[in-house]
Amino acid sequence: MKELPKAYEPQNYEDQIYRSWEESGYFNPDKLPGKRAKAFSIALPPPNVTGKLHLGHASMLSYQDIMIRYHRLKGDKTLWLPGMDHAAIATQNVVEKELKKQGQTRHDLGREKFLAQVNQFAEDSKVIIRNQLKKMGSSLDWSRERFTLDENLSLAVRTAFTKMYDDGLIYRGERVVNWCTRCQSTLADDEVEYKEEKAPFYYFKYGPVVIGTARPETKFSDKTIIVHPKDKRYKDLVGQEFAVEWINGPVKAQVIADPVAEMELGTGAMTITPAHSFLDFELAQKYRLPLEKIIDQNGNLTQLAGEFAGQNALQARAGIVKKLQQKGLVEKIDEEYVHNLSVCYRCGTPIEPLPSKQWFVAVNKKIPGRGKTLKQLAIEAVKKGGIKIIPDRFNKTYFQWMNNLHDWCVSRQIWYGHRIPVWYNQKIKKTKNQENKAEIYVGLEAPKGEEWKQDEDTLDTWFSSGLWTFSTLGWPASASASAGKPAKTGDLKQFHPTSVLETMYDILFFWVARMIIMSCYFMKEIPFKTVYLHAMVKDKEGRKMSKSLGNGIDPLAMINKFGADALRLSMIIGATPGTDLRLYEEKIAGYRNFVNKLWNISRYILNQKSKTKNKLARRSLGVGGTLADRWILSELDKIIAATTKNIEEFKFSAAGEELYEFTWNKLADWYLEIAKIEENKEEILLAILEKLLILWHPFCPFVTEAIWREMGKKTLLMVQSWPTAKKHKERGVEKDFKLIQEIITAIRNSRSERKVNPKDTLDCSITTANKAVRANLHLIEYLAKVKFGQNISGHKIHLSKADLAIALPLNNNVAAGNEADIANLKNYIKSQEQKLANQQFLSKAPSAVVKAEQEKLLQAKERLGKLK
RNA sequence: GGGCAAUUAGCUCAGCUGGUUAGAGCGCUGCAUUCACAUUGCAGAGGUCGCAGGUUCGAUUCCUGCAUUGCCCACCA
């Protein structure tokens with residue numbers, strides 16, 4: 001066997017190993033070896049085709065690959081389905097930004113040319129992203145890769161839309177929506193972000209009352225004053241109508257009493273602007289007030305603004321206030337007012353709420369034949385439908401959000417995305433305020449005839465990604481429509497519901513909730529059984545990584561520098577679900593060191609094998625052997641059981657941590673050292689290594705596969721069998737071995753304190769009746785660098801747990817540290833004695849606890865006696 | 001305004017259903033270097049577990065309040 005390099009160089013292995021995995025076909029569940037009865041599936045949350053991957057993706061990929069590889073090793077029919085999201089607004093924005101640099105807009109190109117350009121950009125992004133997914137080691141089934149704009153997924157979208165429309169769950173309506181004047185599109189409620197801002201707050205005289213507002217520019221045609229019914233100040237005004245001198249002359253105003261007006265707020269009286277405020281819109285509906293548009297889709301003032309018409313609303317503000325001042329209608333201006341400005345989550349432009357005719361999904365309407373609303377379906381799915389959310393507390397967040405859910409605006413005025421499958425008949429004359437049924441066609445394909453023109457709008461990107469778990473598996477083709485639960489075939493039957501949905505907590509609402517709604521409605525089953533929400537990756541100071549801060553870490557750079565395995569480990573170990581993770585280079589470097597340690601452990605073991613190839617020990621595993629052998633096998637069993645349990649319970653951090661501890665602190669630090677003096681360990685070492693590599697494989701697939709190959713194995717590590725714990729009872733082994741470890745550590749400690757050169761061998765004497773110790777003196781001699789045999793008087797070491805005494809030829813001066821130890825012990829003994837003298841404790845505490853405390857006291861006393 | 005989380009060693013974090021002289025990694029200190037690995041080994045120092053009450057024989061762990069930080073939701077009267 002050729003000599004392995006001293007250090008593991010990931011760059012020399014990773015790409016090649018990934019290729020061999022791919023070529024094996026094992027990423028595809030249909031090609032996995034052996035009988036695999038149980039299915040395990042995860043749909044990859046599709047990355048946006050907006051460019052490249054960041055650490056958030058890297059983190060998600062690590063978690064999912066762990067689960068996928070674990071289940072594949074366990075013998076499940078395992079599918080991890082890759083794909084990407086067209087991410088409508090986000091992607092269109094990127095391309096529009098590029099155009100802007102050339103001084104162009106999408107309108108200069110026209111719909112067709114513009115879309116061609118976006119599609120090209122998306123295709124380019126896909127190539128980059130695919131490569132990055134592979135760099136992370138993701139064992140994705142590329143033969144099943146999907147894209148939200150694929151033929152079948154588009155069919156799924158049209159089918160979904162049509163069915164919802166037929167069920168009366170999709171309607172078109174004129175409502176106040178969130179409008180981004182830059183994107184020129186509507187936004188869903190949850191696509192709006194809030195930014196705290198200091199802005200002047202104005203108090204205006206409006207007829208008999210004073211009203212407060214932060215947005216004078218919307219107030220031109222305010223005609224309705226709302227006061228609280230119980231407000232005595234305005235009691236007499238309620239129901240009255242009168243003329244009021246206002247911005248552009250007198251207006252006729254009326255006063256309505258409604259409890260939404262809060263008496264304590266401002267002056268207690270407000271005027272309403274139905275077209276540009278959600279709250280006011282609702283009031284206007286309630287009292288049947290007219291909807292007058294003051295601001296248009298470009299953010300400019302309309303004709304209703306009179307002399308201000310055509311001006312940008314925000315810029316016109318100063319002029320409007322000035323005019324009111326001249327008219328003596330300004331009571332005061334509060335410059336210190338702080339409020340939340342709503343902005344577009346994509347581009348940061350302030351949102352204009354304005355009335356617009358849009359398509360909505362009705363979440364509070366009963367579904368025909370099912371007697372429940374979409375909202376109720378989605379709530380039930382988590383409450384009693386078998387969806388488990390980890391961490392637990394997000395259940396509450398989920399319900400809170402679901403309960404407050406309003407109808408979902410699904411139409412977007414952008415070009416990139418799924419065109420709304422609605423056609424309008426141009427020949428039928430439109431009746432003014434009424435929709436003529438014959439005028440609209442909703443269906444999978446365009447109706448025949450030139451008079452039919454398709455809706456210009458596209459669908460919210462989350463409408464298509466909401467279908468992700470089943471559209472990617474072949475729906476609607478592989479599900480026959482029926483009154484009951486749809487009959488599934490093929491992949492859909494095998495892999496839906498998917499096993500786990502793993503993603504970051506910030507898209508619980510955007511995406512997870514919508515998948516639940518869509519799946520419960522279309523598939524009549526949950527989309528996934530478990531939702532595992534991982535944390536956000538932050539920088540060392542706990543700040544979000546962002547381009548503007550320049551504190552981002554590029555996963556690819558980290559992979560180049562430390563290897564994909566190190567990056568994966570650094571994001572898994574030490575992370576708690578739902579609690580943000582701070583990541584920095586030193587951390588990744590630390591796991592690079594570990595990967596190298598694993599490499600060298602293997603290097604040592606493989607070297608042993610080649611040295612003694614022809615005289616392998618006959619001893620079979622688990623029976624007989626030295627104390628150290630039995631100890632390490634018992635520890636191995638324990639770590640197999642623990643790792644299995646941890647992964648099954650989604651405790652990935654704990655799984656990694658415990659494996660790390662076993663590998664470094666038990667196997668490398670103790671057993672491998674012992675292997676240097678106890679002979680004939682090749683067989684047992686190899687057996688341990690094989691199992692260890694399988695256990696580590698889900699976490700760090702590259703290095704484990706690389707070592708596996710160096711072992712001369714013919715089949716890939718990724719399809720071996722997950723080990724099971726044997727549970728042989730090794731009572732006493734652990735205790736005995738621990739005692740020997742303690743003796744060794746105590747001697748090393750004494751040597752170190754007295755600055756004995758580690759090279760020097762010290763004479764040493766030991767008296768003990770302990771059989772295990774007597775049988776393993778060679779370990780102590782070797783690992784503590786001592787030689788037994790002579791009678792030594794001098795420095796004595798005592799251990800409380802065993803009846804034994806060790807003497808070293810060192811001066812016996814009790815160092816200062818020892819005095820502190822004695823003082824500590826004395827304190828401890830005192831507190832134990834007090835506890836055990838306490839009648840309450842003795843009578844109320846469980847007897848096992850009392851016993852344990854008594855034992856601790858005895859041990860402490862013994863130790864003290866020997867220290868003195 | 002409503003809600004959720006966090007607060008443990010210099011730093012990043014574990015610590016499950018109350019009983020540990022409170023743990024890990026990094027960093028720090030001392031010693032070692034042709035021995036699988038300096039991306040190393042051995043040994044060590046370092047914490048009154050945010051504050052104040054309460055429950056309990058016993059609280060880092062449970063409860064209440066407070067403080068600080070972060071996040072989510074609502075809201076431009």
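Residue numbers begin at 1 in each chain, while the letters A, B, ... track the order of the sequences. Hydrogens, waters and symmetry mates are skipped; everything else that's a heavy atom, side chains included, is used. Note that the structure is predicted; figures quoted are calculated from it, not measured.
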Going by modelled atom types, is there a donor-acceptor pair between the base of [N] and the side chain of [X] at under 3.5 Å?
| X | N | value |
| --- | --- | --- |
| A/N340 | B/C75 | yes |
| A/R582 | B/U12 | no |
| A/K597 | B/C37 | yes |
| A/K676 | B/A36 | yes |
| A/E673 | B/A36 | yes |

So A/F509 and A/W401, would you call those rings parallel, tilted or perpendicular, with 30° and 60° as cut-offs?
parallel
Lys/Arg-Asp/Glu bridge criterion (N-O < 4.0 Å) met for [X], [Y]:
| X | Y | value |
| --- | --- | --- |
| A/E710 | A/R603 | no |
| A/R582 | A/E541 | no |
| A/K830 | A/E833 | no |
| A/K645 | A/E648 | no |

Checking B/A14, B/A43, B/C42 against the side chain of A/D669 (C-beta onward), the nearest is B/C42
Counting only side-chain heavy atoms from C-beta out, which of B/U40, B/C76, B/C37 sits nearest to A/L341?
B/C76
Please measure how far the P atom in B/G46 lies from the corresponding atom in B/U39, and state the result in whole Å.
29 Å
On RNA chain B, check which nucleotide each of A/K538 and A/Q832 is closest to and give me the residue with the more 5' one.
A/Q832
Between A/V849 and A/V192, the residue closer to the 5' end of RNA chain B by nearest nucleotide is A/V849
Report which part of the nucleic acid [X] touches: base, sugar-phosphate, or nothing (heavy-atom distance under 4.0 Å, all strands).
| X | answer |
| --- | --- |
| A/I573 | nothing |
| A/A261 | base |
| A/G590 | nothing |
| A/F201 | sugar-phosphate |
| A/A668 | base |

Does OP1 or OP2 of [N] have a side-chain N or O of [X] closer than 4.0 Å?
| X | N | answer |
| --- | --- | --- |
| A/K587 | B/U12 | no |
| A/W664 | B/G41 | yes |
| A/R748 | B/C42 | no |
| A/N757 | B/C31 | no |
| A/K835 | B/C57 | no |
| A/T213 | B/A77 | yes |
| A/T576 | B/A14 | yes |
| A/N827 | B/U21 | no |
| A/S342 | B/C75 | no |
| A/R393 | B/A5 | no |

Mark this stacking check for A/F841 against B/C57 as yes or no, applying ring centres under 5.5 Å and ring planes under 30°.
no
Scanning both residues in full, the closest heavy-atom pair of A/I553 with A/M545 reads N-SD, 3.7 Å
Does any part of the side chain of A/I390, heavy atoms only, come nearer than 4.5 Å to the side chain of A/V531, both counted from C-beta?
no
Does B/C31 have a Watson-Crick or wobble mate here (both distances under 3.5 Å), and if so which one?
B/G41
CG of A/L762 versus P of B/C42: gap in Å, rounded?
18 Å
